[in-house]
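Notes for the one structure printed next.
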Amino acid sequence: MCGISGYVGTASAKNFLSQMVSSQHHRGPDASGIYEDPGFAALGHNRLSIIDLSAEANQPLTDASGRYVIVYNGEVYNYKEIRDSLKGHYNFRTQSDTEVVLAAYIHFGPDCLNRFNGMFAFAIWDTHTKSLFAARDRFGVKPFYYTQTKDGFYFSSEIKALKEVADTELNPSVFANYFAFGSYGMPDETFYSGIHQLPGGHSLECNALDIKLYCWYNFEERVSQIPSNLSLAQVKQHYSELLRDSISLRFRADVPVGINISGGIDSSLLLSLVNLRDDAPQIKAYTFYTGDSRYDELPWVEAMIQHTKTPLTKLVFTAEEVPEFAKIISRFQEEPFGGIPTLAYAKIFEQAQKDGVKVLLDGQGMDEAWAGYDYYHTSSQQTIQGQSAGTSPFKPQCLQPSFLALATKPKYPEPFDNALQNKQYRDLFYTKIPRALRFNDRISMAFSTELREPFLDYRLVEFAFAQPEQYKLQNGQTKFVLREILGDLVTNKVINAPKRALQTPQREWMGGELKTTMEQAINHLKASSYSHWFDFKEIQREWDSYQNGKQESSFHLWQWMNFSFLANEKNKSNYGF
């Protein structure tokens, strides 16, 4: 996991690229480098050393001929198998997966992408054709941002690097959709005008004349090729085999690997399978809790740990930590993020960094693949878990009419012939997974730690997605097949643990311990240059109503608090940045 940056254009790029690299130091503190093809392009890299720790694997990395140069962020977990297939076609000089990605591109061209199993965003400069090829993994685990100015084309792993070279303003339309509908933008959008994302599963070609985008991953076609008439025994066997292989691949590293766990089915299954490894006694596990039994999953985590005997680090997160930690994480996120659970989760990476654990695995992706959210099995079009029927977490009446007029309710493709799979598809590519991956990338990299998601192995997602509804929901139990698999490994107490939509007492804290912080946030909004977006009489009415007990949701309060940090970013002295 690293940071990449670059430029295609005619200007001399080394000075401003140095600023871009410096802004992403946290993504790769182990080494940094810059390559320049004067008058054409420049590439920058920040390295977090995970595979082949030698200096020979530092980037930008050039092939033996000197024609191709790569900057790469992520991991291609099956790099050893690809490397073996390229023997006789390429003379490897390192043991890194970076060089395998470069060699595969040289040999296979853009088709190399279909051979990669992993998370990645990379760019390869061809010094002969003076063109750039860039690509992002299937689900967009690793980020790739870009912008065009009169000087040329710029790209980076984080928006802050692009701020070093381009004037940026908040995008009012994207923010209007966020406040009115909870949308975090479409796959190519960001919360900044003129700054775009390369969508997951897409590649890009750039030269001095133009930019072309290509969709290289066709999820719908892949799913259509998977049988959906298998017996339960066949589904369990095949999926279990894929699970074991996915986890095994994601333990490939030359540094310590740990795992994040909660009390849910997903991380319990992850922990159970990790426990089958020979090195299981040395693998550290991390979890957070708040001390509030209504939300904490610690009892189920401890039940699992009692079964596996895994070394566990328990991190308590308190309301008192929220104000300062929220400011720090907001700086790294740069765009709105999910709430106090994200802050609590970030503490895990902070501790892992102190412990020297540079890689962590977690259970992201199971709910979307196996339809685990409550709203999947109702007529609701909700995208936020845990909402009462007939209630909304959004407060569009708190927006000024001129600002609200910019909002357009997002419409998502429905490529499948049933409502369930269309909701799953929406969450995989447009809502749940894209925003969770962005939140998680920023908090892991803030603490120079790599996060790996074995359940987002494309083989697992495609196979689970293709299965009929009775394997996803049966007898009122969600994720039926997963419970069946887990039942062969652990006790009923873990299998039947309830799914908790809320992981922290955010609702209670907002109206209690964080009351002063919330009122300060509203005042910061009033003083910001974006105050004309809001109707503060309505905001005050909602805030008063919340304090008087109307607490079905606290998401609107978090939106205002989170945005207050972004809106006042230029006055950084207020926040101790």
Side-chain angles (χ1 to χ4, degrees), residues 4 70 72-79 81-82 85 97 100-102 104-105 107-124 132-146 155 157 185-189 196-206 211-228 242 245-246 249-250 364-366 368-370 412-416 421-438 440-441 452-467:
I4 64 174
I70 186 173
Y72 161 62
N73 170 29
E75 306 290 351
V76 169
Y77 304 113
N78 61 334
Y79 74 99
E81 290 77 9
I82 297 173
S85 73
D97 62 323
V100 172
V101 171
L102 180 59
Y105 175 76
H107 186 69
F108 298 113
D111 187 56
C112 67
L113 298 169
N114 291 297
R115 300 168 186 267
F116 296 158
N117 184 343
M119 54 179 187
F120 53 83
F122 65 83
I124 296 175
L132 185 83
F133 176 81
R136 195 174 180 201
D137 63 72
R138 293 167 179 84
F139 300 112
V141 180
K142 294 293 97 197
F144 189 101
Y145 295 102
Y146 67 93
F155 69 88
S157 294
M186 300 301 275
D188 62 335
E189 291 181 321
H196 308 279
Q197 294 188 78
L198 180 64
H202 281 66
S203 61
L204 174 154
E205 293 179 1
C206 175
I211 299 170
K212 294 180 180 178
L213 270 64
Y214 303 91
C215 179
W216 67 266
Y217 179 50
N218 189 327
F219 179 76
E220 302 94 302
E221 182 180 330
R222 293 277 306 183
V223 168
S224 70
Q225 297 171 4
I226 296 172
S228 58
L242 290 177
D245 186 58
S246 175
L249 286 174
R250 282 155 182 81
Q364 187 73 52
M366 282 296 202
E368 293 77 12
W370 284 108
Y412 306 111
E414 296 184 344
F416 297 93
Q421 286 186 319
N422 283 327
K423 285 182 182 179
Q424 290 179 266
Y425 180 82
R426 175 200 66 190
D427 284 2
L428 277 168
F429 293 98
Y430 291 90
T431 57
K432 284 284 191 179
I433 288 295
R435 71 195 189 206
L437 292 176
R438 196 247 297 166
N440 293 349
D441 173 81
R452 298 178 174 183
E453 282 111 349
F455 297 158
L456 275 177
D457 186 307
Y458 72 96
R459 301 168 300 168
L460 289 169
V461 176
E462 291 168 358
F463 183 77
F465 188 97
Q467 299 312 306

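This chain uses plain numbering: 1 for the first residue, then up along the sequence.
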>> Looking at Tyr458, I'd like to know if the NZ or CZ of Arg138 sits under 6.0 Å from its six-membered ring centre while staying within 45 degrees of the ring's axis.
In response: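 Judged by the rule (NZ or CZ under 6.0 Å from the ring centre, within 45° of its axis), Arg138 counts as positioned above Tyr458.
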
Measuring only between side-chain heavy atoms, which start at C-beta, is [X] closer than 4.5 Å to [Y]?
X: Glu453; Y: Leu437; result: yes
X: Ile211; Y: Leu204; result: yes
X: Pro199; Y: Leu213; result: yes
X: Ser246; Y: Phe455; result: no
X: Leu113; Y: His202; result: no
X: Asp97; Y: Tyr72; result: yes
X: Leu428; Y: Val461; result: yes

> For Val100 and Val76, what are the C-alpha separation, side-chain angles and deciding distance, and is it a side-chain contact (heavy atoms from CB on, under 4.5 Å)?
Replying inline: CA-CA 9 Å; Val100 172; Val76 169; 5.8 Å; no

Spatial distance of atom [atom1] ([X]) from atom [atom2] ([Y]) [nearest 0.5 Å]:
X: Lys142; Y: Ile4; atom1: NZ; atom2: CD1; value: 10.5 Å
X: Arg452; Y: Met119; atom1: CZ; atom2: CE; value: 6.0 Å
X: Met366; Y: Leu456; atom1: CE; atom2: CG; value: 9.5 Å
X: His196; Y: Met186; atom1: NE2; atom2: CE; value: 14.5 Å
X: Glu81; Y: Arg115; atom1: CD; atom2: CZ; value: 13.5 Å
X: Cys112; Y: Phe122; atom1: SG; atom2: CZ; value: 5.0 Å

>> Looking only at the aromatic ring of each residue, does the gap between the centers of Phe116 and Tyr77 stay below 6.0 angstrom?
In response: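 Ring centres of Phe116 and Tyr77 not closer than 6.0 Å.
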
> Taking the six-membered ring for Trp, are the ring centroids of Phe416 and Phe465 within less than 6.0 Å of each other?
Replying inline: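 Yes, the ring centres sit under 6.0 Å apart.
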
> With a 4.0 Å cut-off, would you call Glu462 and Arg222 a salt bridge?
Replying inline: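 A salt bridge is present here (some side-chain N lies under 4.0 Å from a carboxylate O).
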
> Parallel, tilted or perpendicular: which describes the rings of Tyr425 and Phe219, with under 30° parallel and over 60° perpendicular?
Replying inline: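 Correct class here is tilted.
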
>> Can you classify the ring geometry of Tyr146 versus Phe144 as parallel (below 30°), tilted (30 to 60°) or perpendicular (above 60°)?
In response: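 Tilted: the ring planes of Tyr146 and Phe144 meet at 30° to 60°.
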
For [X] versus [Y], what's the shortest heavy-atom pair and its separation?
X: Gly365; Y: Ile433; answer: CA-CD1, 4.1 Å
X: Ala123; Y: Leu132; answer: CB-CD1, 3.9 Å
X: Ala121; Y: Pro143; answer: CB-O, 3.4 Å
X: Glu189; Y: Gly185; answer: OE1-CA, 3.5 Å
X: Thr431; Y: Pro434; answer: O-CD, 3.3 Å
X: Asp137; Y: Gly118; answer: CB-O, 3.8 Å

>> Between Asn73 and Arg136, does the side chain to side chain donor-acceptor pair (under 3.5 Å) criterion hold? Intermediate values first, please.
In response: CA-CA 10 Å; Asn73 170 29; Arg136 195 174 180 201; over 6 Å; no

>> Between Glu368 (side chain only) and Gln424 (backbone N and O only), is there a donor and an acceptor less than 3.5 Å apart?
In response: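 Side chain of Glu368 to backbone of Gln424: no pair is present.
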
> Taking only residues two or more places apart in sequence or in another chain, which ones pass ring pair (Phe, Tyr, Trp, His ring centres under 6.0 Å) with Tyr214?
Replying inline: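 Residues passing ring pair (Phe, Tyr, Trp, His ring centres under 6.0 Å) with Tyr214: none at all.
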
